[in-house]
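Below: the structure, in structure tokens.
Order of listing sets the numbers, starting from 1, for every ligand and every atom in it.
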Amino acid sequence: MTTSLKQALKTHFGFDNFRSKLQEDVVKAVIRGDRDVFVCMPTGAGKSLCYQLPAVLAEGITLVISPLIALIQDQVDHLKDLNIPACSINSKLPAGERRLILADLGSSSPKLKLLYITPEMVASPSFQPCLTDLCSRGLLSYLAVDEAHCVSQWGHDFRPDYLKLGELRARLPGVPCLALTATAPKNVQEDIVTSLRLRLPLTFVTPVFRNNLHYDVIFRELLPNPYVHLHAFIKKALALGSGSNAQGCGIVYCRTREGCETVAFQLTKLGVVAKPYHAGLKAGDRTEVQNEWMQGKVLVIVATISFGMGVDKANVRFVAHWNLAKSLASYYQESGRAGRDGLPSSCRTYYSPRDKEQMNFLIRQEVTRRQEKRGSAKETDKTAITDFEAMVSFCEQEGCRHATISKFFGDKKPNCAGACDYCCNPKAVRAQLERAATLSTK
Ligand code: ADP
Ligand code: MG
Ligand code: ZN
């Protein structure tokens with residue numbers, strides 16, 4: 001089976017190998033088809049293929065739910081380029097094209113392999129009979145729910161229409177369901193399983209722990225000159241001046257535009273060319289900075305968090321947070337842009353209690369604003385605050401940083417083996433905390 005599966009991967013998608021053992025295992029489990037499947041892998045890990053390859057090999061049609069027409073369009077275009085019959089029925093589709101698709105779906109042997117729809121379409125009365133009909137004729141191979149965290153109110157991307165998918169499942173008996181997401185702390189995972197009514201799903205989750213990332217926390221206010229400190233960190237992380245020619249690069253995250261400008265200026269003055277990236281720049285300048293960084297012409301980019309989404313660069317040797325991230329989940333994602341090539345990389349937060357107060361204020365203000373707009377409080381309002389508190393205790397605690405992250409995501413305790421400041425030198429971490437405590441009482 002493995003050889004024919006690899007052959008199919010090559011023939012239909014042009015890939016020589018699976019991206020990972022996990023990707024291969026998911027594909028096999030989906031093809032077996034006897035259980036529902038839950039997949040949590042990071043962005044870029046190749047989740048789409050987990051249903052696209054089984055879809056191509058199956059007799060019938062795979063129904064894919066995805067939250068945005070733009071995401072759907074990208075995938076459908078890509079599949080069409082590969083000569084895989086795929087299309088989407090959505091509110092923007094001209095009536096004529098829609099009729100053609102429905103005619104194919106109604107025929108005795110439809111040509112379509114993948115049908116993408118947004119969750120609001122699922123509930124549309126004009127479309128429901130078509131689905132039920134396909135199902136009763138045994139022509140639905142799989143139901144794939146992409147970005148499945150949208151079903152959870154705990155997630156950052158909640159979409160009420162996703163809640164209708166539970167009922168959809170009930171109307172499609174016997175069709176195995178595959179749920180996919182990149183972000184799923186334990187409570188979100190549980191929501192997905194319950195809402196989509198997954199039955200004892202086989203679960204495939206990329207472990208949270210990445211042993212090539214070294215985490216540490218530095219209290220900024222204790223430093224005589226924070227910029228000199230950051231500069232030294234960067235020089236070491238990029239092995240500048242060591243004669244090594246393995247050219248890596250890095251990201252410094254700041255909360256504000258002014259922060260980006262200042263840090264970039266100071267680093268450049270100290271001898272490492274660094275460029276700012278934030279929403280205050282003209283779009284063209286922003287693209288240019290990003291390209292220079294992507295091409296390795298500028299090694300250090302100093303950016304607000306708007307930078308990095310969809311950026312997939314392998315040799316990021318460090319990610320430094322000059323300001324505190326807004327939650328531990330965001331911090332994991334942002335710092336996780338380091339070391340995608342698997343080589344040792346550093347993730348550092350420059351912590352400052354003053355920064356904490358500011359963030360705390362901003363988050364509460366945002367929550368209040370949302371409540372006023374809505375006219376009521378919600379359970380999820382608390383999430384923003386507790387997720388931030390998790391970020392703060394990550395910085396302020398005496399304990400393994402990796403263990404804290406793994407626990408937050410509901411993963412088992414990892415074997416850090418010196419991949420964080422605490423595990424390397426717990427006394428130094430304690431000493432720093434004690435010095436910070438005396439500073440704050442002065
Ligand atoms: P995700 O949904 O997990 O973020 P995608 O499905 O969008 O990831 O895939 C990310 C990229 O990886 C795509 O460009 C895809 O073509 C590529 N990819 C997926 N599987 C493989 C593979 N086996 N070999 C090489 N590239 C792959
Ligand atoms: Mg995806
Ligand atoms: Zn540790």
Side-chain angles (χ1 to χ4, degrees), residues 2 5-28 30 38-56 64-68 70-79 81-82 84 86 114 116 144-150 157 178-184 204-206 208-217 308-314 333 336-337 340 346-348 394-395 397-408 411 413-429:
T2 309
L5 204 53
K6 272 215 177 134
Q7 229 147 44
L9 181 66
K10 179 79 183 163
T11 314
H12 297 285
F13 294 90
F15 299 138
D16 291 321
N17 278 301
F18 285 99
R19 256 278 160 92
S20 59
K21 173 84 170 35
L22 208 58
Q23 191 187 45
E24 180 172 1
D25 289 346
V26 176
V27 168
K28 286 180 179 166
V30 173
F38 173 83
V39 178
C40 181
M41 302 200 293
T43 305
K47 287 186 288 300
S48 324
L49 190 95
C50 297
Y51 53 84
Q52 289 171 344
L53 180 54
V56 171
V64 185
I65 317 289
S66 176
L68 296 174
L71 287 178
I72 291 178
Q73 206 49 53
D74 277 355
Q75 292 216 11
V76 169
D77 290 346
H78 181 62
L79 289 167
D81 285 345
L82 294 169
I84 297 171
L114 290 115
Y116 283 77
V145 180
D146 211 346
E147 314 291 346
H149 60 276
C150 291
D157 235 357
L178 166 68
L180 311 106
T181 178
T183 41
F204 299 88
V205 181
T206 306
V208 172
F209 177 53
R210 290 173 57 197
N211 65 2
N212 65 316
L213 300 186
H214 184 278
Y215 278 92
D216 67 7
V217 177
M309 263 178 255
V311 170
D312 194 7
K313 198 168 193 297
Q333 196 169 48
R337 295 190 177 121
R340 290 246 169 97
S346 301
C347 306
R348 167 170 290 179
F394 172 88
C395 297
Q397 73 176 0
E398 279 179 66
C400 172
R401 317 275 180 198
H402 279 290
T404 306
I405 296 174
S406 291
K407 185 159 176 237
F408 180 79
D411 230 356
K413 191 167 187 244
N415 177 17
C416 177
C420 83
D421 52 353
Y422 183 80
C423 293
C424 279
N425 191 347
K427 280 190 192 132
V429 171

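The two residues Pro42 and Thr206 come nearest to each other via the heavy atoms CD-OG1, 3.4 Å.
Cation-pi geometry between Arg401 and Phe394 is met: under 6.0 angstrom from the ring centre, within 45 degrees of the axis.
With rounding to the nearest 0.5 Å, the separation of CG in Asp146 from CG in Leu68 is 10.5 Å.
In this structure, Lys313 places its NZ atom where more than 12 heavy-atom neighbours from other residues, nucleotides or ligands lie under 6.0 Å away.
Between the side chains of Ser66 and Glu147, no donor-acceptor pair is found at a separation under 3.5 Å. Between the side chains of Tyr116 and Gln75, at least one donor N or O lies within less than 3.5 Å of an accepting N or O.
Looking only at side-chain heavy atoms (C-beta outward), Phe18 and Val26 stay at 4.5 Å or farther from each other.
Taking Tyr215 as the reference, Ser335 meet the side-chain hydrogen bond (donor to acceptor under 3.5 Å, both in side chains) condition, with sequence neighbours excluded. The ring-ring contact (aromatic ring centres under 6.0 Å, His included) search around Phe408 returns none, not counting sequence neighbours.
Among protein residues, Phe15, Asn17, Phe18, Arg19, Gln23, Pro42, Thr43, Gly44, Ala45, Gly46, Lys47, Ser48 come within 4.0 Å of ligand 1, judged on heavy atoms.
Listing protein N, O or S atoms at distances below 2.8 Å from the Zn ion (ligand 3), with waters left out, gives Cys400 SG, Cys416 SG, Cys420 SG, Cys423 SG.
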